[in-house]
There are 2 protein chains.
Amino acid sequence: MRKESSTNALNAQELYETCGMAIALRILGGRWKPGIIWNLAQGRVRYGQLKALIPNISERMLVQQLKELEKYGFVERFVFPEVPPRVEYALTEEGKTLIPIVQALAVWGDSQRDKIKLPV
Amino acid sequence: MRKESSTNALNAQELYETCGMAIALRILGGRWKPGIIWNLAQGRVRYGQLKALIPNISERMLVQQLKELEKYGFVERFVFPEVPPRVEYALTEEGKTLIPIVQALAVWGDSQRDKIKLPV
DNA sequence: TGCAATTCTTACTGTTTGGTAAGTAATTAA
DNA sequence: TTAATTACTTACCAAACAGTAAGAATTGCA
């Protein structure tokens with residue numbers, strides 16, 4: 001018999017409720033969000049530009065992560081009714097509160113680069 | 001024909017080389033590391049205590065994450081030759097540099113709790 | 001003799017995340 | 001009529017992450 005929710009998902013849920021850091025990592029985590037937020041920190045960027053600015057990202061991932069950030073209100077989407085289409089993305093005011101966090105993480109991470117050898 | 005390295009792993013590797021934040025998230029990421037670091041921030045803690053302090057964590061996950069943190073030099077392991085065994089864990093000096101980062105993430109995450117509704 | 005206590009280890013399974021590749025829509029320009 | 005441009009969408013598969021459950025080692029104590 002199938003469980004209604006995976007323990008996996010339940011554990012995640014419970015952590016969100018008790019641990020701010022789990023929330024933060026849910027927003028910032030994943031492979032591509034840092035790069036997206038980083039690049040949007042400068043201002044509005046077109047979809048295609050973002051793709052060019054983030055090496056190796058696939059369209060599927062880029063769209064998916066942008067949608068998630070948009071859904072939570074950290075990113076805004078500006079559509080211009082043109083052909084071919086033009087869509088710009090930017091951080092919302094709420095999204096901009098992420099910038100210092102992202103910077104702190106980046107600085108700390110850079111300081112570790114020569115000390116540790118990731119991964120296997 | 002099988003690829004020698006998955007694109008997945010290659011992408012991760014390249015990110016570590018260019019993006020400090022990817023490194024930081026590699027260290028801090030995953031479901032359980034925040035809780036472990038948080039609880040170790042207070043001082044030495046026994047394995048069994050940690051397990052009790054972190055609800056729902058399985059032994060497998062706890063051991064695995066502790067090992068990873070130890071491998072990278074953020075956590076120290078103190079073994080007492082007793083029976084039943086006693087093992088204490090603590091942050092190293094390097095590990096303590098994580099504390100302000102962890103706190104910033106926790107504060108930011110808490111500030112978001114009432115604004116966003118995670119996940120599905 | 002057999003159980004309790006503590007810190008793991010192992011094998012197996014399920015869930016989530018990420019990558020690939022092809023396709024869609026709408027218009028303009030050749 | 002066909003190709004080009006841009007921003008996606010979809011279906012499928014592989015890899016990474018997480019959970020479950022059973023067991024191992026060591027000694028004291030009933």
Side-chain angles (χ1 to χ4, degrees), chain A residues 1-15 22 25-26 28-36 44-68 70 75 77-89 118-120, chain B residues 1-15 22 25-36 44-52 54-68 70 75 77-89 118-120:
Chain A
M1 194 177 134
R2 188 64 192 283
K3 287 188 191 176
E4 302 189 8
S5 283
S6 67
T7 309
N8 193 343
L10 281 179
N11 278 347
Q13 188 62 47
E14 287 190 37
L15 274 181
L25 289 176
R26 171 63 208 275
L28 290 172
R31 182 166 301 161
W32 303 111
K33 294 224 198 72
I36 292 173
R44 286 195 183 194
V45 184
R46 285 187 69 166
Y47 171 86
Q49 284 180 291
L50 264 182
K51 193 155 94 76
L53 288 166
I54 305 173
N56 297 329
I57 196 171
S58 67
E59 305 206 324
R60 179 180 178 276
M61 281 295 116
L62 181 52
V63 170
Q64 185 178 300
Q65 305 297 296
L66 282 170
K67 272 199 178 141
E68 195 179 322
E70 192 194 357
V75 159
R77 190 167 171 270
F78 301 93
V79 184
F80 297 81
E82 303 172 1
V83 170
R86 179 155 67 103
V87 181
E88 293 179 357
Y89 289 90
L118 293 166
V120 193
Chain B
M1 196 178 132
R2 189 61 192 285
K3 286 189 192 177
E4 302 190 7
S5 287
S6 68
T7 309
N8 194 339
L10 281 180
N11 278 348
Q13 189 60 49
E14 288 190 36
L15 273 182
L25 290 175
R26 170 63 207 274
I27 304 297
L28 290 172
R31 183 166 301 161
W32 303 111
K33 294 225 198 72
I36 291 173
R44 286 195 183 193
V45 184
R46 283 187 69 168
Y47 171 86
Q49 283 180 290
L50 264 182
K51 193 155 93 79
I54 305 174
N56 298 330
I57 195 171
S58 68
E59 306 203 323
R60 179 180 178 277
M61 280 294 116
L62 181 52
V63 170
Q64 185 178 299
Q65 304 297 298
L66 282 169
K67 273 199 175 141
E68 195 179 323
E70 192 194 356
V75 159
R77 189 166 171 272
F78 301 93
V79 184
F80 297 81
E82 302 173 357
V83 170
R86 179 156 66 102
V87 179
E88 293 179 357
Y89 289 90
L118 293 164
V120 197

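Quick note on labels: first sequence line is chain A, next is B, and so on, each numbered from 1.
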(message) I want to confirm an ordering. Mapping Arg31(B) and Tyr89(B) to their closest nucleotides on DNA chain C, which one lands closer to the 5' end?
(response)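 Residue closer to the 5' terminus by nearest nucleotide: Tyr89(B).
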(request) Please tell me if the side chains of Leu66(A) and Leu50(A) come closer than 4.5 Å, counting only heavy atoms from C-beta onward. (result)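 A side-chain contact exists here, since the closest heavy-atom pair is under 4.5 Å.
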Looking at [N], I'd like to know if its phosphate oxygens (OP1 or OP2) sit under 4.0 Å from a side-chain N or O belonging to [X].
{"X": "Asn11(B)", "N": "dG19(C)", "result": "yes"}
{"X": "Arg86(A)", "N": "dA7(D)", "result": "no"}
{"X": "Thr7(B)", "N": "dT20(C)", "result": "yes"}
{"X": "Lys67(A)", "N": "dT9(D)", "result": "yes"}
{"X": "Ser6(A)", "N": "dT16(C)", "result": "yes"}

When the distance from [atom1] of [X] to [atom2] of [N] is rounded to whole Å, what number comes out?
{"X": "Glu82(A)", "N": "dA7(D)", "atom1": "CD", "atom2": "C1'", "answer": "12 Å"}
{"X": "Arg46(B)", "N": "dA5(C)", "atom1": "CZ", "atom2": "P", "answer": "13 Å"}
{"X": "Gln64(A)", "N": "dT9(D)", "atom1": "CD", "atom2": "P", "answer": "11 Å"}
{"X": "Tyr47(A)", "N": "dA7(D)", "atom1": "OH", "atom2": "C1'", "answer": "6 Å"}
{"X": "Ile54(B)", "N": "dA18(D)", "atom1": "CD1", "atom2": "P", "answer": "13 Å"}
{"X": "Met61(A)", "N": "dC13(D)", "atom1": "CE", "atom2": "C1'", "answer": "13 Å"}
{"X": "Gln49(B)", "N": "dT7(C)", "atom1": "CD", "atom2": "C1'", "answer": "13 Å"}
{"X": "Glu88(B)", "N": "dT7(C)", "atom1": "CD", "atom2": "P", "answer": "10 Å"}

(request) Keeping the roles fixed (side chain from Arg31(B), backbone from Asn8(A)), state whether a donor-acceptor pair exists under 3.5 Å. (result)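 Yes; judged by distance alone, with no hydrogens or angles, the pair exists.
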(request) For Lys67(B) and Val63(B), indicate whether the former's side chain and the latter's backbone hold a donor-acceptor pair under 3.5 Å. (result)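 Looks like no, no N/O pair under 3.5 Å.
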Between [X] and [Y], what is the shortest heavy-atom contact and its length?
{"X": "Trp32(B)", "Y": "Leu15(A)", "answer": "CZ3-CD1, 4.2 Å"}
{"X": "Lys33(A)", "Y": "Leu28(A)", "answer": "CB-O, 3.7 Å"}
{"X": "Gly30(B)", "Y": "Pro34(B)", "answer": "O-CD, 3.6 Å"}
{"X": "Glu82(B)", "Y": "Arg86(B)", "answer": "OE2-NH2, 3.1 Å"}

(message) With nearest nucleotide decided by heavy atoms, which residue, Leu66(A) or Gly29(B), maps closer to the 5′ end of DNA chain D?
(response)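 The residue whose closest nucleotide sits nearer the 5' end is Leu66(A).
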(request) Can you check each nucleotide of nucleotides 25-30 of chain D against protein heavy atoms at under 4.0 Å and return B for base, S for sugar-phosphate only, - for none, in 5' to 3' order? (result) -BB---
(message) What contact category does Phe80(A) fall into here, base, sugar-phosphate, or nothing, at under 4.0 angstrom with non-hydrogen atoms?
(response)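 Nothing, no nucleic acid heavy atom in range.
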(request) Could you work out which one of dT7(C), dT9(D), dG19(C) sits closest to the side chain of Trp32(A)? (result)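 Out of dT7(C), dT9(D), dG19(C), the nucleotide with an atom closest to Trp32(A)'s side chain is dG19(C).
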(request) Give a yes or no on whether a donor-acceptor pair under 3.5 Å exists between the nucleobase atoms of dG19(C), that is its base, and the side chain of Arg60(A). (result)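 In this structure, the two groups form a donor-acceptor pair.
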(request) Quick one: pull up CZ in Arg60(A) and CD in Gln65(A) and give me the separation to the nearest 0.5 Å. (result)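 Separation between the atoms: 9.5 Å.
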